[in-house]
Amino acid sequence: MAEETESKAPEAPPAAEVVVPETEEKKPEAEEAVPPADEAAATVPESTSLEEESNVVAEPVDPQKKVLDELKQLVQAALSNNEFNPPPAPAKEEPPVKEEEEEAKPAEAPAPATVEESKPSSEPVSAQEAKPSEAPAPASVEESKPRSEPVPAPAERSLEPEVVEDHASPVKKEPLPPPSQPAEEKAAAADDATTKTVKAIEEAVGPAAVEDVSPAAKEAPAPAPTAPPEEVFIWGVPLVGDEKSDAVLLKFLRARDFKVKDALAMLKDAVIWRKQFGIEALLEEDLGLPELDKVVYMHGIDKEGHPVCYNVYGEFQNKELYEKAFGDADKRRKFLKWRIQYLEKGIGEHLDFTPGGISSMVQVTDLRNSPRLGKHRQVTKQAVTLLQDNYPEFISKKVFINVPWWYLAVNRMMSPFFTQRTKSKFVFAGPSKSAETLFKYIAPEQVPVAFGGLLSKEKDPDFSTADVVTDVSIKPSSKQTIEIPATETCLIVWELRVLGCEVSYGAEFTPSAEDGYTVIVQKNRKLAADDEPVIKGSFKTGEPGKVVLNLENLTSKKKLLLYRYKVKSSTGST
């Protein structure tokens, strides 16, 4: 018997977890790109393979790249097996037939299709029925042969239907199927099909290749073509084969401490969740919640270039807005979709996954007047869970400002349960330290005025976020002077802000000439808490000199002064 040849696709190598070893040549990155040294040393197995001896010193292997390459291989194998698709929906089970109904109607059960009930002996038998069939009867008809066992009495018969045959009357035969095709015709048809197949193969690969094929291989059907692997994207980036893919895969590796199997499982779950949640359709959906644009919004960048997202939950003190967002279950689901939609749009507009690009953001959460317990608590927990599971390593820093005392106390209690990596990303600041804390990570010109920054209006003709702000501390009960040099025929523009107010402010112009007269630009006055937070002034001069800004701290506490100025060329005199 000839062997049957069969082509099989090579199987993917089994997934193996890779742990990054510690190397002395390369230190971990700022975001702990490799696991701690003690964990790595405890989990790295000894290598059993032997390498050839060489006098050439090998370059040190980058542990991060090694783990990344291993994850790429596993992702490619998973793509080939279409493992990034949601599981099929379970089939609906048919309701079981109740036993009571079956027992209630025993006589209605149909008799076997190949056996017909026997006719009474009194009926005449036709010639066709009496004539025996020349063809052999089907196997199922053999069950209709008379049984040798005696028929039980009526009182002893079971409830199941029973077929009793009358030996005096012949059984009516079912019509036989048409005669099958003769063996000679089958063989001729098979030879004809084989000849056509051989001719087609000869035309494609040549007669020499056909001669080597065994008869069994000729008769074997060709394997069905396999479907090509699906190309999977996440945040507009393919999982493999693109320069941006590494940045995406590294996010999942860092989130799982560079454990390859865990990172692959997280990646699969995230892709499947995005398909089930309908992210692509959600981006085009109009949820009709424009009021929430003042609750969550993107504005400015931090000192390292990360975009900053502000969350102002104090806006929910507005009862009408709160009810619109959390009034019932449908509204809470709609708010959750809106939050995911806003994050997805922010990722697409502000983040860059190219090598060396900025692929994470800073989150600033303002807890001033934020609601504590209410209808929003459940959807907030759900949103946090979704963000943790499906958006790994998208937060470079999380800054909480205007934090109440009770929140700080709870955080101190929970801090021992957080990892060092998590604690390094979270920053908490009370109301008196919020602005100063923000300025450690975000330049004052990038911080909105509402949070203590010196950000001018969007269409301000004089200043923008490109104009750098200088911050100076004014000691208690002391004065601070700022001098702005002026050339002949120029316009000087400045703006300043003092955090905490309660200072005295004045401005004057002093000419360079000895016989010149000092011009009072702004009389000294005390800045109150209800004044405009940002003070803006200007002076046009026709001679060289300087503008002097005088500030005096009248309190026993240190004050923070923010200011910037610009000298513009101008014509004319003051």
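Residue numbers count from 1 along this sequence. All figures in this text were calculated on a predicted structure; none of them were measured in a lab.
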salt_bridge([X], [Y]) N-O dist < 4.0 Å:
{"X": "Lys337", "Y": "Glu285", "value": "yes"}
{"X": "Glu502", "Y": "Lys526", "value": "no"}
{"X": "Arg525", "Y": "Asp531", "value": "yes"}
{"X": "Glu393", "Y": "Arg254", "value": "no"}
{"X": "Asp467", "Y": "Lys566", "value": "yes"}
{"X": "Glu445", "Y": "Arg564", "value": "no"}
{"X": "Asp69", "Y": "Lys65", "value": "yes"}

Other residues, nucleotides, ligands: >12 heavy atoms within 6.0 Å of Glu304 CD: no
Heavy-atom side-chain proximity of [X] to [Y] below 4.5 angstrom:
{"X": "Tyr565", "Y": "Glu495", "value": "no"}
{"X": "Val449", "Y": "Arg497", "value": "yes"}
{"X": "Glu231", "Y": "Pro238", "value": "yes"}
{"X": "Val427", "Y": "Lys398", "value": "no"}
{"X": "Ile234", "Y": "Leu239", "value": "yes"}
{"X": "Thr481", "Y": "Leu549", "value": "no"}
{"X": "Phe84", "Y": "Val75", "value": "yes"}
{"X": "Asp246", "Y": "Phe353", "value": "no"}

Looking just at side-chain N and O atoms, do [X] and [Y] make a donor-acceptor pair shorter than 3.5 Å?
{"X": "Lys275", "Y": "Asn85", "result": "yes"}
{"X": "Glu320", "Y": "Asn318", "result": "no"}
{"X": "Lys425", "Y": "Ser396", "result": "no"}
{"X": "Asn311", "Y": "Gln363", "result": "yes"}

Partner residues of Gln388 under the side-chain contact (heavy atoms from CB on, under 4.5 Å) criterion, sequence neighbours left out: Val384
Does Lys331 qualify as a cation-pi partner of Phe326, given the criterion of NZ or CZ under 6.0 Å from the six-membered ring centre and within 45 degrees of its axis? no
Establish, for the pair Lys251 and Phe394, whether the NZ or CZ atom is under 6.0 angstrom from the six-membered ring centre and no further than 45 degrees off its axis. yes
Applying side chain to side chain donor-acceptor pair (under 3.5 Å) to Trp494 and not counting sequence neighbours gives Tyr505
Ring-plane angle category for [X] and [Y], please: parallel below 30°, perpendicular beyond 60°, tilted otherwise.
{"X": "Tyr322", "Y": "His376", "answer": "perpendicular"}
{"X": "Tyr297", "Y": "Tyr310", "answer": "parallel"}
{"X": "Trp235", "Y": "Tyr391", "answer": "tilted"}

Minimal heavy-atom distance between Leu71 and Ala263, with the atoms involved, is CD2-CB, 4.4 Å
Can you name the nearest heavy-atom pair linking Ala270 to Asn390, along with the distance? CA-OD1, 3.3 Å
Glu436 CD to Lys440 NZ distance, which is reported to the nearest 0.5 Å: 8.0 Å
